[in-house]
Colleague: 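Please see the structure below; I have some questions.
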Amino acid sequence: MPNFVFRLQSVLQVRAAQRDQRRQEMAGLLASEQSLQDRLAELDGELHVLSAELANWNGAIDLAHRLDVDRYAMILRADRKQVEQAAIELDAKITLKRQELLTADRDVRSLEKLREQQQEAFAADQRRREQRELDEVAARAPVSLREV
């Protein structure tokens, strides 16, 4: 009895490998997004600490220290803008990669469905052949064996 062979198995394997590659790329992008979000939270925390420090400043203000704090806050805000811009660009990449991943998933699922349909048709054909062979054997059997 022959075994089922899916003729597009190599195509399915290539598409599955492409899908897996897209998943890895997506995971990398999501990790980068989390890293950017963590960096934004860190910058916001530092800006909050500076703001609180300036609000709670009592007594005489050392002008040089005040200028240093203002410069540092300006640098933090500039860094924050850069991180926000990078997050926007990354979000666009994630959207594109998500679409590519959905397409790759759809391609693999369609080939898997085709394989299942062909496998079921093969199994049904095998059952019909086996039944036909059994019917032929039964038809060739002597009449006395058929009565038993």
Colleague: Taking Glu42 first and then Arg39, would you say they form a salt bridge - that is, a charged N and a carboxylate O separated by under 4.0 Å?
Modeller: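 Between Arg39 and Glu42 there is a salt bridge, with a charged N closer than 4.0 Å to a carboxylate O.
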
Colleague: Which atoms form the tightest heavy-atom contact between Leu12 and Arg115, and what is the distance?
Modeller: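 It is CD2-NH1, 3.3 Å.
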
Colleague: Dump the intermediate steps for side chain to side chain contact (heavy atoms under 4.5 Å, CB included) on Gln9 and Gln13, then the final yes or no.
Modeller: CA-CA 6 Å; Gln9 184 63 34; Gln13 289 172 338; 3.8 Å; yes

Colleague: Do you see a donor-acceptor pair shorter than 3.5 Å between the side chains of Gln34 and Asp38?
Modeller: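 Yes.
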
Colleague: Quick check for you: to the nearest 0.5 Å, what is the distance between Glu33 atom CD and Met26 atom CE?
Modeller: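 Reported value, rounded in 0.5 Å steps: 8.5 Å.
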
Colleague: Does Asp79 form a side chain to side chain contact (heavy atoms under 4.5 Å, CB included) with Ile75? I'd like the steps, not just the answer.
Modeller: CA-CA 6 Å; Asp79 284 351; Ile75 291 170; 4.0 Å; yes

Colleague: Does the pair Arg80/Asp44 count as a salt bridge with the N-to-O cut at 4.0 Å?
Modeller: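 A salt bridge links Arg80 with Asp44.
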
Colleague: What are the two closest heavy atoms between Phe6 and Gln118, and how far apart are they?
Modeller: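 Closest approach of Phe6 to Gln118: CD1-OE1, 3.2 Å.
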
Colleague: Contact between Leu29 and Glu25 at the side-chain level, heavy atoms closer than 4.5 Å - yes or no?
Modeller: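 No, every pair of side-chain atoms sits at 4.5 Å or beyond.
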
Colleague: Roughly how far, to the nearest 0.5 Å, is the CZ atom of Arg66 from the CD atom of Glu53?
Modeller: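 Reported to 0.5 Å precision, the distance equals 10.0 Å.
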
Colleague: Any salt bridge linking Lys97 with Glu100? Criterion: basic side-chain nitrogen under 4.0 Å from a carboxylate oxygen.
Modeller: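 Looking at Glu100 together with Lys97, the answer is yes, because their closest N to O distance falls below 4.0 Å.
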
Colleague: Are any side-chain N or O atoms of Thr103 and backbone N or O atoms of Gln99, one a donor and one an acceptor, separated by less than 3.5 Å?
Modeller: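 Yes.
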
Colleague: Membership question, hydrophobic clusters at under 4.5 Å side-chain separation (ILVMFWY): are Val69 and Val49 in the same one?
Modeller: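 Each belongs to a different hydrophobic cluster.
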
Colleague: Linking I/L/V/M/F/W/Y whenever their side-chain heavy atoms sit closer than 4.5 Å, directly or via other members, would Leu102 and Ile94 fall into one cluster?
Modeller: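 Shared cluster, no.
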
Colleague: Please test Val5 against Phe122 for side chain to side chain contact (heavy atoms under 4.5 Å, CB included), starting from the C-alpha separation and ending with a verdict.
Modeller: CA-CA 9 Å; Val5 176; Phe122 178 82; over 6 Å; no

Colleague: Identify whether the distance between the nearest side-chain nitrogen and carboxylate oxygen of Arg71 and Asp68 falls below 4.0 Å.
Modeller: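 Result for this pair is yes, salt bridge flagged.
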
Colleague: Nearest 0.5 Å, please: how far is CG in Asp91 from CZ in Arg98?
Modeller: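 Spacing of CZ (Arg98) from CG (Asp91) equals 8.0 Å.
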
Colleague: What do the steps show when you test Asp125 against Arg128 for salt bridge (Lys or Arg N to Asp or Glu O under 4.0 Å), and what is the final call?
Modeller: CA-CA 5 Å; Asp125 187 50; Arg128 280 192 300 274; 3.6 Å; yes

Colleague: Check whether Leu30 and Leu40 end up in the same hydrophobic cluster, where Ile, Leu, Val, Met, Phe, Trp and Tyr are linked by side-chain heavy atoms less than 4.5 Å apart.
Modeller: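 They do share one cluster, since a chain of ILVMFWY contacts under 4.5 Å joins Leu30 to Leu40.
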
Colleague: Any side-chain heavy atom of Lys113 sitting closer than 4.5 Å to one from Arg109?
Modeller: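 No, side chains not in contact.
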
Colleague: Between Gln131 and Asp135, does the side chain to side chain donor-acceptor pair (under 3.5 Å) criterion hold? Intermediate values first, please.
Modeller: CA-CA 6 Å; Gln131 186 61 46; Asp135 290 346; 3.0 Å; yes

Colleague: How long is the span from the NZ atom in Lys81 to the CG atom in Leu76, to the nearest 0.5 Å?
Modeller: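 Nearest 0.5 Å value for the NZ-CG distance: 13.5 Å.
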
Colleague: Does Glu133 come within less than 4.0 Å of Arg129, counting only side-chain N to carboxylate O?
Modeller: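 A salt bridge is absent here (no side-chain N lies under 4.0 Å from a carboxylate O).
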
Colleague: Report, as yes or no, whether the 6.0 Å neighbourhood of atom CZ on Arg23 holds more than 12 heavy atoms from other residues, nucleotides or ligands.
Modeller: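 Yes, because the 6.0 Å sphere around CZ of Arg23 holds more than 12 heavy atoms from other groups.
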
Colleague: Starting from Leu101, can I reach Val14 by hopping between I/L/V/M/F/W/Y residues whose side chains sit under 4.5 Å apart?
Modeller: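 Unlinked, Val14 and Leu101 end up in two clusters.
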
Colleague: Go through it in stages, so that I can follow the logic: the residues are Arg19 and Asp107, the test is side chain to side chain contact (heavy atoms under 4.5 Å, CB included), and I'd like the CA-CA distance, side-chain angles, deciding distance and then a yes or no.
Modeller: CA-CA 9 Å; Arg19 179 201 56 200; Asp107 290 346; over 6 Å; no

Colleague: Could you check whether atom NE2 of His48 has more than 12 heavy atoms from other residues, nucleotides or ligands sitting under 6.0 Å from it?
Modeller: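 Count not over threshold, so no.
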
Colleague: Nearest 0.5 Å, please: how far is CE in Met74 from CG in Leu50?
Modeller: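 Those atoms lie 12.5 Å apart.
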
Colleague: Just verifying a value: how many Å separate Ile88 CD1 and Leu36 CG, rounded to the nearest 0.5 Å?
Modeller: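 Separation between the atoms: 11.0 Å.
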
Colleague: Under a 4.5 Å side-chain heavy-atom rule over Ile, Leu, Val, Met, Phe, Trp and Tyr, are Val108 and Val11 clustered together?
Modeller: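 Yes, Val108 connects to Val11 through the hydrophobic network.
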
Colleague: Which atom pair, heavy atoms only, marks the closest approach of Pro2 to Gln126?
Modeller: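 Closest heavy-atom pair between Pro2 and Gln126: CD-NE2, 3.8 Å.
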
Colleague: Got a donor-acceptor contact below 3.5 angstrom from the Ser51 side chain to the Leu47 backbone?
Modeller: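 Checking the backbone N and O of Leu47 against the side chain of Ser51, no donor-acceptor pair under 3.5 Å is found.
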
